[in-house]
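Worksheet: one structure, shown below.
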There are 2 protein chains.
Amino acid sequence: MEEGTSNSPSDICSTDRDYDVLQWDAREECEVRQILDRIADKWSLLVIALLEKRTLRFTELKRNIDGISQRMLTTTLRHLERDGIIERTVYPVVPPKVDYALTPLGCTLHETIRSLVLWTEQNQADIIAARQRYDMRAADGM
Amino acid sequence: MEEGTSNSPSDICSTDRDYDVLQWDAREECEVRQILDRIADKWSLLVIALLEKRTLRFTELKRNIDGISQRMLTTTLRHLERDGIIERTVYPVVPPKVDYALTPLGCTLHETIRSLVLWTEQNQADIIAARQRYDMRAADGM
DNA sequence: CGGCATCCAGGACGATACTG
DNA sequence: CAGTATCGTCCTGGATGCCG
């Protein structure tokens, strides 16, 4: 891929495979991008992390995720259900009772999620320190 | 805002800690939420996954992440730099040369990211199948 | 209780133009 | 090459109200 011909955006498709790095195509074949977006979503992560412990009801989830609106919770749950990550069970009683649990597929995911959350918890001090250093340097330059 | 104060038989509001699940407070003390948002971000994941292989220049990143605008790439890189995940090196040459690499902190993160990406790749068939089943059932109900 | 429909504000994001 | 600046759009996501 000679880069002198920088004016041909369309032949991305042909092959840039001389890089040993992975490519992140946005094309349809690459559903990975789309799925990643879904599961690495702001709220999805929290829901999955919560359900890892046990089955929860709608309001329990809502109570345990501070700041989520019922709208976003509903949407998130629907998406996760559609993707086969969680299972929704409706009990035909009054008042209605619905609970959510991880599917087997969801369980395989939760371990990954968990390590992500753990990493964040264990390194938040470093990150906060890095931010302060960055902001300091930025202030210096100004 | 306690909502069920009128009829809360078990006074869950006073202390939610009788749940063995984790709490996701949005309060300041809980930076975890904010950090998770940052690293589990749509573009951040891709950038980190790419840099896991080797140091890359701005345009190399842009070329390998299909669909990202230079604006979002810049923003993403700045955030990751600020958080101490990646390091930005400027070479005082003309034309300018800047490259990006994972910091040691970033390297500890990349393993987690990698497992997330791997999970997605390995289970995308299942997910797509789950979606079709879901959509089928939904169509049925209508 | 567990939703869904509607409305609306704000921020994310893309496109474009300009700089060192 | 590697950005910054500005603008306009769109979509996320919060608030509210109704239903089974």
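Side-chain atoms are counted along with the backbone in the values below, which use heavy atoms only and exclude waters and symmetry mates. Just so it is clear: chains get the letters A, B, ... in the order the sequence lines come, proteins before strands, and each one is counted from 1.
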Inset, instruction - Please tell me which of the listed nucleotides, dG20(C), dG14(D), dT16(D), lies nearest to the side chain of Trp43(A)? - result: dG14(D)
Legend entry - Interatomic distance where CD belongs to Glu60(B) and C1' belongs to dG3(D) [whole Å]: 16 Å
Inset, instruction - Would you mind telling me which of dC1(D), dG14(D), dC1(C) lies closest to the side-chain atoms of Arg57(A)? - result: dC1(C)
Legend entry - Length of the CD1-C1' vector between Ile68(A) and dG3(C), whole Å: 14 Å
Inset, instruction - Identify which nucleotide among dG20(D), dG14(C), dG14(D) has an atom closest to any side-chain atom of Ser69(A), counting heavy atoms from C-beta outward. - result: dG14(D)
Legend entry - Side chain of Arg78(A) (C-beta onward), nearest among dC4(C), dC13(C), dT16(C): dC4(C)
Inset, instruction - Let me know, please, whether Pro95(B) or Asp41(B) comes out on the 5' side of the other along DNA chain C by nearest nucleotide. - result: Asp41(B)
Legend entry - Interatomic distance, Met72(A) CE vs dC4(C) P [rounded to whole Å]: 13 Å
Inset, instruction - Please state whether the phosphate of dG2(C), meaning OP1 or OP2, lies under 4.0 angstrom from any side-chain nitrogen or oxygen of Thr59(A). - result: yes
Inset, instruction - Mind calculating the distance between NE2 (His79(B)) and C1' (dG11(C)) to the nearest angstrom? - result: 12 Å
Inset, instruction - Take atom CD1 of Ile65(A) and atom P of dG14(D), then tell me their distance rounded to the nearest Å. - result: 12 Å
Inset, instruction - Looking only at side-chain atoms of Arg71(A), point me to the closest of dG14(D), dG3(C), dG3(D). - result: dG14(D)
Legend entry - Presence of Tyr100(B) side-chain N/O under 4.0 Å of dC1(D) phosphate oxygens OP1/OP2: no
Inset, instruction - Can you tell me the distance, in whole Å, between the CZ atom of Phe58(B) and the P atom of dG3(D)? - result: 5 Å
Legend entry - Proximity to the side chain of Gln70(B) - top-ranked nucleotide from dA17(C), dG14(C), dT16(D): dA17(C)
Legend entry - Results of side-chain contact (heavy atoms from CB on, under 4.5 Å) for Gln132(A) - residues two or more places apart only: Ile128(A)
Legend entry - Flag if over 12 foreign heavy atoms under 6.0 Å of CD, Glu52(B): yes
Legend entry - Euclidean distance, atom CG of residue Leu77(B) to atom P of dT4(D) [Å, nearest integer]: 10 Å
Legend entry - Salt bridge flag under 4.0 Å for residues Asp25(A) and Arg33(A): no
Inset, instruction - State which of dT4(D), dC1(D), dG3(C) makes the closest approach to the side chain of Thr74(A). - result: dG3(C)
Inset, instruction - Flag the pair Arg88(B) and Asp99(B) as a salt bridge only when some basic side-chain nitrogen lies within less than 4.0 angstrom of an acidic carboxylate oxygen. - result: no
Legend entry - Residues, nucleotides or ligands: over 12 heavy atoms within 6.0 Å of Glu81(B) CD: yes
Legend entry - Whole-Å gap separating P (dC1(C)) and CG (Leu61(A)): 15 Å
